[in-house]
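See structure below.
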Amino acid sequence: MSEKRKGDDSSSAIKKKMRTYLESYLNFGFMEGTDKTRPECVICREKLANESMKPSKMKRHQQTMHPETVGRDRDFFIKKQHLAKANKPMDIRTAFVRAGSDAQKATEASFECALLIAKAKKPHNIGEQLIKPACIKMVEKLCGPQVAEKLKTVPLSNNTVKDRIDKMASNCELQLLEKLGKGPFAIQLDETTTVADEAVLIVYVQYIDGEDLKQDILMSVNLTTTTRGEDIFTAVDSYLSSHNLSYENLVACCTDGAASMMGKNKGFNSRLKEKAPHCTIFHCVIHRQALASKKLSEDLSETLSTVVKIVNFIKGRPTNKRLFADLCEDEAHQTLLLHTEVRWLSRGRVLARFVELKEKIEEFLQTRNCALSEQVTESFWIKTAYLADIFSLYNETNKRLQGVESNILQCKETFDAFVRKLECRVGKMERGELQQFPLLLKQSQNNPETVPVSVRREFIRHMNALQTEMQSRFADIDEYVSKELWVLDPFIAKIEDVEYLDCEDELTDIQADSLSKKYFQEKGFKKFWIVKGPSLAPKLTLHATTRIILPFSTTYLSETAFSALVAIKTKARNTLDVHNDFRLAVTHITPDIPSLAAGVQAQGSH
């Protein structure tokens, strides 16, 4: 009895021989199983025992169970193998990993789509009402219904899109605040009124990020009551304090010329100076130019007023507008432009279009028996043509003052060029030459003698007055820039130019560095001071960046951002808080979508 048991123990200790799968077995319709030990039929998915991993037994299974596959080529079984693997159920661990991966991707896709909605300034429900159904339809046609099913898992409801936008806006703001905490920055600000009669303050910031000068929106906030200087300062001060932004790093501020900003006692700028005495205050140079251009003589002012009245008569009545458009059917333009005082380029464009359509306007006014037709004399057209030429020159200068990276030195050069152009035109007008006044020359039929001497003298007085007004309004800029011209080109500056900074040795080091000079010539003065300056001349660099490079010279960014706000804050959305939508629409910072999506997934798993 004991001997028999002993024999059984010894036989069980002998391991059974494990057969291995061979690629040739696919010819009989068998692929390797998931456990690597048993063959699996690609037709019926039956798994045979390891002992059956013999050609004879697999061939018997094929002949008995799937006789129609006998004799088929290898490609047939390869296709069946791919199909079987594609439809193969996953083990539970793989299923959980795959499900988590798909959910993560669907969440990321939701964030990406919400970002596109915000950038396009569209309502949140467009995701569920249009974008998602359209994507599903396209994918169904191109890739099939199985692939389209995955799109249905992407959450794009109205509330979901809003939540995604809020999270991304907050992420962009945090990235910006982190960068601002590392060094000096400058701000510009302006306020506007929305369609819902809300007063909105917009603040932009300029800062150095690595080797680049960047601008981005710092904040936008509703001023709930009044828009006085103290209200604006309270909003800005509250934001800076709550986000731990030091006034020590605020080197400059640019505002418009409104009393709430520029007031000596209660204006925003005066209150800011109390907190940051070192902060340089700039009055937007575009606003200065706009204010200077308003200085007109009584006759020229009356001419401009008549033009506006005629335009309003034609554009303000639907019938007149249609009749005038029909009259101008063969012209390049079929309509006039309305004058808007707050638009920088409005007057120049309105006057130029008005002069272009002179004959049609005269014909229309006579046809409609308009009383204004009596004021449309030859003298009126001569003065209108002159104003159109002058304001066209003004518009060219205004466009040069605009721009994302415009600085005070460049604006000073543009202003100087404008004044010299006026001086040139004064000289031409005194000699009776009108080549610099193309519309006036055309109006005079290329004969300057048709422009009365008294009228030419009026034009000369206007241009001289405009020069004087411009020089008066930009006097502080001249004084400010006069000491800082070495920033534009330190390689030709004199040593005495930086004596007031006690930086003669640093300027000498710069001028002796040939590689830095080559870099300066290739990249320009801004890139030179940002990249090469800190290691070569730290004291001069700090002065150049805080006094010239960082400060805004205009409120261009804040004012152009109003257009985005108007597109977002429509009548249909006038009760919604759209500040996060607004930030995403105008920011240049990319939100960290993968980490945001992972955070959403983590919250959902708890």
Side-chain angles (χ1 to χ4, degrees), residues 286 289-290 293 296 300-403 418 421 425 428-429 433-448 450-451 455 459 462-463 560 563 566-567:
I286 295 180
Q289 189 205 21
S293 68
L296 295 172
L300 291 178
S301 180
E302 180 63 28
T303 299
L304 180 60
S305 176
T306 302
V307 170
V308 172
K309 289 177 182 177
I310 293 173
V311 172
N312 291 343
F313 173 74
I314 296 175
K315 294 276 290 183
R317 296 172 173 84
T319 302
N320 288 351
K321 184 177 180 181
R322 293 194 298 269
L323 290 172
F324 187 76
D326 183 65
L327 188 64
C328 300
E329 185 178 2
D330 298 329
E331 300 291 332
H333 304 289
Q334 282 75 47
T335 184
L336 297 171
L337 299 176
L338 284 171
H339 176 252
T340 306
E341 190 66 31
V342 296
R343 298 286 183 180
W344 294 326
L345 309 179
S346 179
R347 265 176 288 185
R349 290 175 175 173
V350 169
L351 290 165
R353 179 74 62 86
F354 191 87
V355 173
E356 287 177 18
L357 297 175
K358 171 192 171 184
E359 294 180 359
K360 301 300 181 182
I361 290 171
E362 289 180 332
E363 182 181 348
F364 181 82
L365 292 177
Q366 292 175 0
T367 303
R368 300 296 288 174
N369 295 320
C370 179
L372 291 169
S373 61
E374 298 177 0
Q375 302 179 40
V376 182
T377 62
E378 189 63 27
S379 176
F380 166 81
W381 284 114
I382 288 175
K383 294 176 182 178
T384 302
Y386 163 76
L387 287 174
D389 286 326
I390 284 296
F391 281 112
S392 293
L393 176 64
Y394 160 82
N395 283 1
E396 292 174 10
T397 305
N398 192 287
K399 289 178 181 177
R400 291 180 62 191
L401 294 174
Q402 298 176 30
F418 178 73
K421 289 175 184 178
R425 280 161 173 75
K428 295 279 188 180
M429 185 70 73
E433 300 173 7
L434 303 181
Q435 290 82 358
Q436 299 290 340
F437 303 88
L439 293 175
L440 179 58
L441 184 62
K442 183 179 179 181
Q443 178 61 35
S444 65
Q445 299 177 352
N446 296 321
N447 183 10
T450 61
V451 182
V455 175
F459 296 162
H462 171 251
M463 287 185 284
T560 53
S563 299
V566 168

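All values derive from a computational prediction rather than experimental measurement. Note that these values count all heavy atoms, side chains included, but never hydrogens, waters or copies made by symmetry.
In this view, Lys321 satisfies the side chain to side chain donor-acceptor pair (under 3.5 Å) rule with no residue, not counting sequence neighbours. The salt bridge (Lys or Arg N to Asp or Glu O under 4.0 Å) search around Glu433 returns Lys428, Arg431, not counting sequence neighbours. Not a single side chain to side chain donor-acceptor pair (under 3.5 Å) links Gln334 to another residue, sequence neighbours left out. With sequence neighbours left out, the salt bridge (Lys or Arg N to Asp or Glu O under 4.0 Å) criterion links Lys442 to no other residue. A search for side chain to side chain donor-acceptor pair (under 3.5 Å) contacts involving Trp344 returns nothing, not counting sequence neighbours. Taking the side chain to side chain donor-acceptor pair (under 3.5 Å) definition, one finds that Gln436 meets it with Arg425, sequence neighbours left out. Residues passing the side-chain contact (heavy atoms from CB on, under 4.5 Å) test with Glu396, sequence neighbours excluded: Leu393. Looking at residues two or more places apart in sequence or on another chain, you find a ring pair (Phe, Tyr, Trp, His ring centres under 6.0 Å) between Phe459 and Tyr386. The side-chain contact (heavy atoms from CB on, under 4.5 Å) test applied to Arg400 returns Thr414, Ala417, Lys421, not counting sequence neighbours. Residues satisfying the side-chain contact (heavy atoms from CB on, under 4.5 Å) test with Thr303, not counting sequence neighbours, are Phe380, Lys383, Thr384, Leu387. Taking Leu372 as the reference, Lys309, Ile310, Phe313, Cys370, Gln375 meet the side-chain contact (heavy atoms from CB on, under 4.5 Å) condition, with sequence neighbours excluded.
Arg349 and Asn395 form no side-chain donor-acceptor contact under 3.5 Å, judged by distance and modelled atom types alone.
With rounding to the nearest 0.5 angstrom, the CD1 atom of Ile361 is 10.0 Å from the CD atom of Glu356. Between atom OG of residue Ser444 and atom CG of residue Leu439 there is a gap of 10.5 Å, rounded to the nearest 0.5 Å. Put simply, CD on Gln443 and OG1 on Thr450 are 8.0 Å apart, with the number rounded to the nearest 0.5 Å. Atoms CZ and CG, from Arg353 and Leu351 in turn, are 12.0 Å apart once rounded to the nearest 0.5 Å.
For residues 345-377, the pairs satisfying ring pair (Phe, Tyr, Trp, His ring centres under 6.0 Å) are Phe324-Phe364, Phe354-Trp381, with sequence neighbours left out.
Counting only distance, with no hydrogens or angles, the side chain of Asp389 and the backbone of Leu440 share a donor-acceptor pair below 3.5 Å. In this structure a side-chain-to-backbone donor-acceptor pair under 3.5 Å is present from Ser392 to Ala388.
Residue Glu331 places its CD atom among more than 12 non-hydrogen atoms of other residues, nucleotides or ligands, all under 6.0 Å distant.
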